[in-house]
Amino acid sequence: MSKIFDTVTPQATSNLYRRCILVKLNLSSYSDKRQDKKTSAEIDKQKQTKTKNYQASKRLFRCDRFDAIGKHITVIRSFFNANTNVFEKGGWRIMKFSNYIPFCEQINPMLDKLEKLIDDFTDETNYEESVASSIFLLNNLVTRGEYPSAQEIKRKFRYRLEECPVPSGSFHVQATEEVRQKLESDMIATMTEKLATSMEDVVDRIQEVVKNAIKGLEDLPVPVKTKQGLKNHQTFRDTLLGNIHDICDIGDSLNLTDDPKITKLISDLRQAVNGRDAQMCRDSDSVRHATKRSLEDVVSKYGLGQ
């Protein structure tokens, strides 16, 4: 874990509530996975196991309407996590006030679309069509009795975006001065630790996309023959460099303490891939090598991975 920042101090923590807000995305969905006891027993019998060992599972739905909900939930969660910082594992996350309005302008339409997808799937007519087509495709694996009602499923889908102020660390309580000071000291220590973890996570995210890009841009041990000729690199997706461009675009908003080293890291990283994309690296070994060297220079300069 790289600790390139030096601005996580009790002083930075003490006024964090003036610059940041806590956000939480509560998003639960309906799972159509079920244990298939019949198939499990058949396989155990076929394999002649001495005890019940195999556990088969099945999905109740095989339809575009249901799949669309799951895919969109993944998009929402990815967007939320990408644009916020760690604060509590599995709970509250933290972000700058300055990024809150643009964030809401993007995530609220996503949540509206999710509601429409759920409504579309659980519409009585659509739902019965989805059940019928799934039963047909799954043949003997499912029965109509295994499917809950549309309204039962709709109640399983819940989502809510919550906001909460960052604790200020100030206690107005009826207690001795010694107790009050101890409470405030403990609160600041806890907040400083959470802020440090949050900033470490930012660096880890940057480090991960850079490490993956460098690895993906490496030469193959032995060139591969293709219809276009010899290929000296492994296959990689557009996201190999796209992820770096993305983290640079949101990096400043994730830099909660406005640490100048992280600001400079993002600037140098942006320069390292400036004007280059994955296709250019596929088309030209020289561009690919130059991009890899530039990224390696950033890693060396900031001690990423050390």
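Keep in mind it's a predicted model, so treat the numbers as computed, not measured. Side-chain atoms are counted along with the backbone in the values below, which use heavy atoms only and exclude waters and symmetry mates.
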Are the side chains of I135 and T143 in contact, using a 4.5 Å heavy-atom criterion? no

Which heavy atom of Q207 sits nearest a heavy atom of L304, and at what distance? OE1-C, 3.7 Å

Measuring from atom CZ of R158 to atom CG of N26, what distance do you get when rounded to the nearest 0.5 angstrom? 9.5 Å

Determine, using the 4.5 Å side-chain heavy-atom cutoff (strictly less than), whether L27 and F103 are members of one ILVMFWY cluster. yes

For H72 and M110, indicate whether the former's side chain and the latter's backbone hold a donor-acceptor pair under 3.5 Å. yes

Is any side-chain heavy atom of Y147 closer than 4.5 Å to one of S134? yes

Any heavy-atom pair between the side chains of L117 and F157 that's under 4.5 Å? no

Note: K231 and T235 closest approach over all heavy atoms is NZ-OG1, 3.1 Å

With sequence neighbours excluded, residues passing ring pair (Phe, Tyr, Trp, His ring centres under 6.0 Å) with Y30: none

Exercise: identify the closest heavy-atom pair between D119 and K154: OD1-NZ, 2.9 Å

Is it the case that the side chains of T263 and N255 hold a donor-acceptor pair, with the cut-off being a distance below 3.5 Å and no angle test? yes

If you measure from CD1 on I244 to OG1 on T239, what distance do you get to the nearest 0.5 Å? 10.5 Å

Side chain to side chain contact (heavy atoms under 4.5 Å, CB included) between N212 and N243, intermediate numbers included: CA-CA 10 Å; N212 289 340; N243 288 337; over 6 Å; no

On a heavy-atom basis, which atom in I21 and which in C164 lie closest, and how many Å separate them? CG1-O, 3.5 Å

All heavy atoms of A82 vs all of I250, minimum pair found to be O-CD1, 2.9 Å

A quick test of your reading: do over 12 heavy atoms of other residues, nucleotides or ligands sit less than 6.0 Å from CZ of R18? no

Around E193, counting heavy atoms of other residues, nucleotides and ligands shown, do more than 12 lie under 6.0 Å from its CD? no

Can you tell me how far apart OG1 (T291) and NE2 (H289) are? Round to the nearest 0.5 Å. 10.0 Å

Rounded to the nearest 0.5 Å, what separates atom SG in C104 from atom CG in N99? 9.5 Å

Electrostatic pair D283-R288, nearest N-O below 4.0 angstrom: no

Residue pair I118 / Y159, side-chain heavy-atom distance below 4.5 Å: yes

Enter the distance from T74:OG1 to I69:CD1 here, rounded to the nearest 0.5 Å. 12.0 Å

In sequence, state the C-alpha distance, the side-chain angles, and the governing distance for D201 and R205, and then conclude on salt bridge (charged side-chain N to carboxylate O under 4.0 Å, His left out). CA-CA 6 Å; D201 180 67; R205 287 160 68 173; 3.7 Å; yes

Would you say the side-chain atoms of T192 pair up with the backbone N or O of I188, donor to acceptor, closer than 3.5 Å? yes

Looking at D64, I want to see if its CG is surrounded by more than 12 non-hydrogen atoms of other residues, nucleotides or ligands under 6.0 Å. no

SB check D258 K96 (cutoff 4.0 Å): yes

Strictly below 4.0 Å, N to O, side chains only: are D268 and K264 in salt-bridge contact? yes

Check: L161 and F80 side chains under 4.5 Å, non-hydrogen atoms: yes

Note: K116-D112 ion pair, threshold 4.0 Å (strictly below): no

Determine, step by step, whether L114 and I73 satisfy the side chain to side chain contact (heavy atoms under 4.5 Å, CB included) criterion, reporting the C-alpha distance in whole Å, the side-chain angles of both residues, the deciding distance to 0.1 Å, and the verdict. CA-CA 7 Å; L114 176 60; I73 286 174; 3.8 Å; yes

Does I94 reach the side chain of L16, with side-chain heavy atoms less than 4.5 Å apart? yes

Would you say that M191 contacts V166 through its side chain, given a criterion of any heavy-atom pair below 4.5 Å between the two side chains? yes

Rounded to the nearest 0.5 angstrom, the CD-CG distance for E200 and L195 is 10.0 Å

Counting only N and O atoms by type, is there a donor-acceptor contact under 3.5 Å from the side chain of S133 to the main-chain atoms of S130? yes

Is any side-chain heavy atom of V23 closer than 4.5 Å to one of E162? no

Determine whether R276 and S294 satisfy the following criterion, side chain to side chain contact (heavy atoms under 4.5 Å, CB included), listing intermediate values before the conclusion. CA-CA 12 Å; R276 300 169 184 168; S294 296; 3.7 Å; yes

If I compare all heavy atoms of R93 with all of N81, which pair ends up nearest, and what's the gap? NH2-O, 3.1 Å

I'd like to know whether F236 forms a side chain to side chain contact (heavy atoms under 4.5 Å, CB included) with R282, so could you lay out the CA-CA distance, the side-chain angles of the two residues, the decisive distance to 0.1 Å, and finally the verdict. CA-CA 8 Å; F236 51 82; R282 294 189 195 99; 3.6 Å; yes

Quick check on salt bridge (charged side-chain N to carboxylate O under 4.0 Å, His left out): which of K58, R59, R34 does E146 satisfy it with? K58

Can we say D219 and K292 salt-bridge, meaning some charged N sits less than 4.0 Å from an Asp/Glu carboxylate O? no

Parallel, tilted or perpendicular: ring planes of F121 versus F66, cut at 30 and 60 degrees: tilted

